[in-house]
Amino acid sequence: MAELRNSQAPGAGRGIVIHGAQWGDEGKGKIVDLLTESAKAVVRFQGGNNAGHTLVVGGEKTVLHLLPSGILHDGKACLIGNGVVLDPEVLCQEMDTLAKKGIDVSPERLVISKKTHVIMPYHRLLDGARETLLAGSKIGTTGRGIGPCYEDKMARIGIRAGDFADPDLLAKKIARALVEKNALFTKLYELPALDPGAVAEALAPVAKRLVPYLGDVSSIIQKTLATGDVLFEGAQGTHLDIDHGTYPFVTSSNTVSGQAAAGSGCAPAVLSRVVAVVKAYTTRVGSGPFPTELFGTVGDYLQSKGGEFGATTGRKRRCGWLDLVLLRESARLSGPTDIALTKLDVLSGLFEIKICIGYRYKGKVYEYPPQEEGALEFVEPIYETMPGWEEDITGITAWEDLPLAAREYVSRIEQSLKTTCSILSVGPDRRQTIIRG
Ligand code: GDP
Ligand code: IMO
Ligand code: MG
């Protein structure tokens, strides 16, 4: 306890959470990459390779699914926390791709918590089989086995990364987990049973390769905080949160800022800055309610100009106007200290821009989403219309140089959320950013 307090003593680093405030793909990767410059370590604390975080540096694009978005900065520690679900094959592929580009992915800087749960082939199979069974009411998952892996964690039959170090134990745990799975595969899903021995054998090479990366992420964070800042990189977004999102059209982890503590093993008090990443309009991949969704030419404009294709599955992202009701709820849940507003450049060229400032539902006006499950399907957005701007803003690096209408749009968001937009992103590249002091 005394040691943890010390990590917050004057001169010590801060825990900085960067999380998505909408339905994911807000541009978290870009913001984490940007902030890594002045931090010592970056930790992923939930989700898995359902995430696709894009970094663009000097025109070169890198998409990360599991590795923390600090990986392009030499010498910064990259940590995978206990709250993540890890597909070992995907991680190895990602490490190989980066190593070929000359990026250091050695155990000197990359550490995986021994407590991180592992996505197994049967999780991926189950994810697909469930979606098929849901037919017309699919969630539209990424098919990466995320939900089934978290289910096994909660059912206490999961495989943890620490098990990689003990092949015999690993084989026993796989056999135990497959008892129920095989019954499901053969009796319900009309799939062949998996042979536990074969599953263990197939996993052995990657498991062996990852053993040197295993460590105590929680303690590393604590030690690092004694000397510098640690970034906590969220995946997905608030409204995909398993509890607070648009259930059941959500992911299987908590995505709110508070999860940064539990998902990495640090005390909540160290999280002194929370950066909510907000896209200047709204997108969503997969099924589920989306009150401000646009179906006509404006939606198409945002989709194509914003390059709104999923970084993980390549699916087209649904697009719509900015929704302040969802953002207020997100702020209420995650308590941002500041906002990183992204993709402002995509709005250039629109004659007018709408912002949803409230919902009408069952004859009443709501400033926050009605809490009944499914209510979001039926709310009617109330819009305010603001003037747009023509100018291309992708080369602007100072707040004063933005067109007046763009500044007014940003100010309207700040006023509504009572939070400052400290970072404005006007293009995908690291340097296409306006930092406001
Ligand atoms: P994440 O999942 O939150 O990290 O976001 P994604 O990487 O899935 O999606 C964001 C997309 O927008 C990526 O293609 C980024 O390169 C891109 N992007 C990020 N910020 C900006 C911006 O300010 N303007 C434009 N035009 N693109 C951006
Ligand atoms: P990043 O970190 C956008 C969505 C899926 C689906 C739902 C459940 O890049 O912002 P899952 O595979 O998690 O069980 O799918 O969640 N989803 C995302 N949407 N960005 C993401 O991650 C997402 N991760 C999951 O499309 O609707
Ligand atoms: Mg993404």
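Just so we're clear, the structure is a prediction, and the values are computed from it rather than from any experiment.
If you run salt bridge (charged side-chain N to carboxylate O under 4.0 Å, His left out) between E308 and each of R318, R315, K343, only K343 comes through. Under the side-chain contact (heavy atoms from CB on, under 4.5 Å) rule, L72 has a single partner from L55, L64, T36, which is L55. Applying side-chain contact (heavy atoms from CB on, under 4.5 Å) to N82 and the options H117, K115, R160 leaves one that passes, K115.
With respect to R144 and D87, no salt bridge is recorded, no charged nitrogen being found less than 4.0 Å from a carboxylate O. Between D152 and K181 there is a salt bridge, since at least one side-chain N of the basic residue sits less than 4.0 Å from a carboxylate O of the acidic one. A salt bridge does not link K76 with D104: none of the charged nitrogens is closer than 4.0 Å to a carboxylate oxygen. Look at R332 and E367 and you find no salt bridge, because none of the NZ, NE, NH1 or NH2 atoms lies under 4.0 Å from a carboxylate O.
Judged by distance alone, with hydrogens and angles left aside, the side-chain atoms of T227 form a donor-acceptor pair with the main-chain N or O of T224 at under 3.5 Å. Within the 3.5 Å criterion, the main-chain N or O of Y301 finds no donor-acceptor partner in the side chain of Q303.
In summary, the side chains of D323 and T282 do not present any donor paired with an acceptor at a separation below 3.5 Å, with no hydrogens or angles considered. For the 3.5 Å distance criterion, the side chains of K30 and S425 qualify, holding a donor opposite an acceptor. Remark: the E233 side chain and the S69 side chain contain an N/O donor-acceptor pair separated by less than 3.5 Å.
Other residues, nucleotides and ligands contribute only 12 or fewer heavy atoms inside 6.0 Å of the CD atom of E180. For D96, the CG atom sits in a packed shell: over 12 heavy atoms of surrounding residues, nucleotides or ligands are nearer than 6.0 Å. The neighbour count for K100 NZ, taken as heavy atoms of other residues, nucleotides or ligands under 6.0 Å away, does not exceed 12. Surrounding NZ of K114 are at most 12 heavy atoms belonging to other residues, nucleotides or ligands under 6.0 Å away. Counting non-hydrogen atoms of other residues, nucleotides and ligands closer than 6.0 Å to NZ of K223 gives a total of 12 or fewer. Crowding of E377 atom CD: a count of heavy atoms from other residues, nucleotides or ligands under 6.0 Å exceeding 12. Within 6.0 Å of atom NZ in K173, more than 12 heavy atoms from other residues, nucleotides or ligands are found, so the atom counts as buried in its surroundings.
In plain terms, the two heavy atoms of I146 and T142 that are nearest each other are CG1-OG1, 4.3 Å.
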For this session: Go through K362 and E380 one step at a time and tell me if the salt bridge (charged side-chain N to carboxylate O under 4.0 Å, His left out) criterion holds.
Result: CA-CA 9 Å; K362 293 187 177 168; E380 185 198 330; over 6 Å; no

For this session: Under the salt bridge (charged side-chain N to carboxylate O under 4.0 Å, His left out) rule, what do R317 and D25 come out as? Steps first, then yes or no, please.
Result: CA-CA 9 Å; R317 294 177 184 147; D25 304 326; 3.0 Å; yes

For this session: Determine, step by step, whether E60 and R430 satisfy the salt bridge (charged side-chain N to carboxylate O under 4.0 Å, His left out) criterion, reporting the C-alpha distance in whole Å, the side-chain angles of both residues, the deciding distance to 0.1 Å, and the verdict.
Result: CA-CA 10 Å; E60 193 179 340; R430 192 191 273 170; over 6 Å; no

Exercise. Run the side-chain contact (heavy atoms from CB on, under 4.5 Å) check on C319 and E293 step by step: do they pass?
Worked result: CA-CA 6 Å; C319 296; E293 185 166 11; over 6 Å; no

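T337 has its side chain out of reach of T419: every pair of non-hydrogen atoms, C-beta onward, lies at least 4.5 Å apart. Side-chain contact check for T141 versus E131: some heavy-atom pair is nearer than 4.5 Å. Residues L322 and C356 are not in side-chain contact: their nearest non-hydrogen atoms beyond the backbone lie 4.5 Å or more apart.
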